[in-house]
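Worksheet for the structure shown next.
The sequence lines fix the lettering, A, B, ..., with proteins before strands; numbering per chain opens at 1. What you see below is based on every heavy atom in this structure, not just the backbone, and it leaves out hydrogens, waters and symmetry mates.
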Amino acid sequence: MSKFDIDEALIRKLGLLLKETGLTELELEKDGQRIRVMSQAAPATVVHASPVMNTAPAVAAAPAKAEVSKNALTSPMVGTAYLSSEPGGTPFVKVGDRVTKGQTVLIIEAMKVMNPISAPANGVVKEVFIQDAQPVEFGEPLIVIE
Amino acid sequence: MSKFDIDEALIRKLGLLLKETGLTELELEKDGQRIRVMSQAAPATVVHASPVMNTAPAVAAAPAKAEVSKNALTSPMVGTAYLSSEPGGTPFVKVGDRVTKGQTVLIIEAMKVMNPISAPANGVVKEVFIQDAQPVEFGEPLIVIE
Amino acid sequence: MFEKVLIANRGEIALRIHRACREMGIRTVAVHSTVDADAMHVRLADETVCIGPAPSRDSYLNMAAIISAATITGADAIHPGIGFLSENAKFASMVEEHGFTFIGPSPDHLSQMGDKVEAKLTAKRFGIPCVPGSDGAISDADAPRIAEETGYPVLLKAAAGGGGKGMKVANNPGELMESLAMAKAEAKAAFGNDQMYMEKYLSHPRHIEIQILADNHGNAVHLGERDCSLQRRHQKVLEEAPSPALNADQRAEIGEIAVKAVKAMGYRSVGTIEFLFQDGKFYFIEMNTRLQIEHPISEMITGIDLVREQIRVASGAPLGFSQSDITFTGHAFECRINAEDPVTFMPSPGLITDFHAAGGLGVRVDSALYAGYKVPSNYDSLIAKLVVHGKTRNEALMRARRALEEMVILGVKTNIPLHQRLVTAPDFINGDYDIRWLEKFVGI
Amino acid sequence: MFEKVLIANRGEIALRIHRACREMGIRTVAVHSTVDADAMHVRLADETVCIGPAPSRDSYLNMAAIISAATITGADAIHPGIGFLSENAKFASMVEEHGFTFIGPSPDHLSQMGDKVEAKLTAKRFGIPCVPGSDGAISDADAPRIAEETGYPVLLKAAAGGGGKGMKVANNPGELMESLAMAKAEAKAAFGNDQMYMEKYLSHPRHIEIQILADNHGNAVHLGERDCSLQRRHQKVLEEAPSPALNADQRAEIGEIAVKAVKAMGYRSVGTIEFLFQDGKFYFIEMNTRLQIEHPISEMITGIDLVREQIRVASGAPLGFSQSDITFTGHAFECRINAEDPVTFMPSPGLITDFHAAGGLGVRVDSALYAGYKVPSNYDSLIAKLVVHGKTRNEALMRARRALEEMVILGVKTNIPLHQRLVTAPDFINGDYDIRWLEKFVGI
């Protein structure tokens, strides 16, 4: 079994490159060899005063939300989301449905007004993040249409 | 399955490389072997709360002092340093003088007691940092004997 | 008492309200714009709702979003804070129509005092002293008599005026007709209308305001005055209580007038009646029908938690004390710390790399800052209030100096250096300043 | 008044003294060990002198170094702070011999109260109630009579004793002789000496202390009591003022006794007389002839700046107020925040990566911490005092809870979680605790 023969000069060069470019991570791979260097550049290490300690769940939830929201249709307003036009009715859409642009996919009630939310484009419903009659905030991911 | 045979020397070398380059993570892979080292370089990037703003001169002075003190004889006590045994007298030593171990090179007055400070080794006086009758604090560089 | 209060605001005042709720055992709902997701009041609240994007009109001024947030979280009451919707009668009505309590005055009082003309008429009706002058346009023939009644110097103002055009001062009867003619000519040229009106000219007034607090049961008290004369472009910078220009008799007299008016109006909640004060006389400017940024200095000298009381009276509770229970102890200053250049006053939003609040005896910091927080560019630049209290004005002033030395805010520029200059300025030390002093001092 | 004061201490108390000096217009000299070069009080002081290496004996206990530092900086007076040399009569004498003012009592009072036996005799002589008992060793024959005079239950203690050996409680006459015999046997075995003495046994006392303040002109006042019963291994953890166990009459009575004694002794400066308090009676423990860590809670309820007054009287100024000028307003708590594991109580020195002090109305933080500061392992673990004041005990308690939620100290472990448990513990909420309560509560 061959030993690692490390190329110190290369690592030093990568270190300098990181510093120079402000990058925080760099990975190279070639012929079964791989080298990865990281540097926690300043901004990332600024310590956040964290009354966060007391609201850990709220904060922990945030990144997850950010992740799922990438391609999601997000709520344009605060309110209560409904998946069907009446309690217990057939949902406007469900996962797997093909939808056309402009088609109502759910309703958000705000200020006692029902606001239809329509599909921004043709596509297939990949995911529905919310339950019927669930309160939603501004920017909250609702469904994914691809 | 073969056991890990860890290459301690390599790890040590990588550790030093991290320190030197300021990197925080380093990963190498070759022929199915992979090694990754990390270092939370944190302390260097911690932001210092700085009532320092108001005492900027005091703080700025510190590093300079640290610099000169490398080979210096430092004050073992708080007090007033005298370069000669009486006001206006001949200084115990001056730059360029050859001194022998144990020879009095200056006096520090503390609590109305004159404390002779002697040369720790034979050598030549390279520098005298203080003025006659100057107050000195603990650890303050006095003279350099080389 | 309320179980859950929605705080329809941001920044230090949202945190201030959160703290009061917390101490009363009331759960809090923070609503916030997208850029405020990491704000201190959001981090500390029991529940949070994002109500819109960064621009205020789409979030903190978005009435529908705020009402919806109250609905989905099941809040009992909405505290509007300061600014934004706090003096919006329509919002207050909407809040009440949706079955929530608006923590503030009735919508009627909001609109009454929100209209400058009606506010002045109301003030007059309820015995609050106003700037004397003509009640409308004057003729050349009437001018001398009205000026005599008003008292010289008088200010001649174009009815259609603005920006100082068609505005002249007459210091005595000899100057009156010439000044009037000049002002009319200017007004004619500028606005095509030479109608003029007249009011007393105040050359060196102080800004003095009376804090009042009233419940739904006809009880009202005042908490003395605040001197807010240090202003730049109508923005208050450093306030103190009590005013170095008032004595106890003047305080009691104007306080009594304020309380009587508030009772007669049937006003409830906290409020402030603002006056210009010159040569021992008060002249009504306006009434602020909400909490004020500088409320802490009144709290410091009276020991009364104004936000707690505001919430209490909104819940229908009667005031727990009367005027005779209120004693004034010591002296307080508030330094408004803004994220701005201390010389050019240009706003300086950005990442707070370091925040260290002053501490110790008699020092209070109201701030939603923390190291790592990003001051958004979307809202106003007030980032901290440094409030000090001492047994005497001098003690408080010395305390302000040492606290300013301890305060560290890095990453953005702040006006701390301006405050440090102010607390060592001889005129300020002597309490010898009026509303024009600060602009002269900073040379802007 | 002094021009320049040398602060012979470190940490939050050095900062506390610096603040008082600053507000009095007095220049400060910070002396520090090598590891404290970056400490807050050093950063803020007008002048700094490094007096030695990290170990206290070579720096903060190094009398010669401190006197020399005062000499080279030309200080007028030395404030010894708390701990270190603050109760050292030799140091106080030395300070005075070198022509500086010692900001504290006379050396005589320091030695008098520093000697446990003499302190108790002095207390007795000046009418301060002590734990009753035999004045020396007892015989079997005398025991019943002395026990009767002392009042059951009584504690039998080996004269040569320590560590609980040779110590027995007798609850009534029937138990006395048997307990005495057992205690003697134990004492004989443990110390080779069976001499016994007797004192009243207190099964559930509170620790209550009276803050006094006296000048050089025969004036003295008390600032009421502090309840410091929450202790673990004799270390106070959370204090409050006033005590929930005392009424106004008891306060006035013990206060008057303390003031009378202090006047009779000719004592000057601040000081604290510590008592055990049980079943409505006070029993002298000791007198602390210095400032105390928990002094802020007395400041909060009286509005008196104790450090300022201490410096004033040391300069020879007379007290500016008398007992009748002192009024007690509201309630205060102090949470001592230590760098230690909240469960095991193991010290936790290290780098503070984040520090965010609680703020707002009624909250005071005394702390020398800042983000980036390294808590050295050489000194004690107290890193912050969170002090809250409210109009009622309940208001202050609610405030303590919300302030503890806001307090952020990262990088080291702290006992904040313990304080959070304490302020929600039913016994504590009810004020129902004695000096043994906390150790039971934490199970140690």
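When all heavy atoms of D:L369 and C:H356 are compared, the pair lying nearest together is O-CE1, 3.0 Å. Across all their heavy atoms, D:M398 and C:M24 have their closest contact at CE-C, 4.0 Å. In terms of heavy-atom proximity, D:L361 sits nearest to C:D366 at N-OD1, 4.3 Å.
The side-chain contact (heavy atoms from CB on, under 4.5 Å) test applied to C:E3 returns C:D76, not counting sequence neighbours. Looking at residues two or more places apart in sequence or on another chain, you find a salt bridge (charged side-chain N to carboxylate O under 4.0 Å, His left out) between C:R27 and C:D46. Every residue meeting the salt bridge (charged side-chain N to carboxylate O under 4.0 Å, His left out) condition with C:R402, not counting sequence neighbours, appears here in chain and number order: C:E406, D:E23.
Contact annotation for C:R19: both backbone and side-chain heavy atoms come within less than 4.5 Å of a heavy atom of chain D. With a 4.5 Å cut-off on non-hydrogen atoms, D:R401 does not touch chain C at all.
Listed by sequence position, D:K391, D:E395 are the residues of residues 385-395 of chain D in contact with chain C, using a 4.5 angstrom heavy-atom cutoff.
Enclosure of atom NZ in D:K4 by more than 12 non-hydrogen atoms of other residues, nucleotides or ligands within 6.0 angstrom is indicated.
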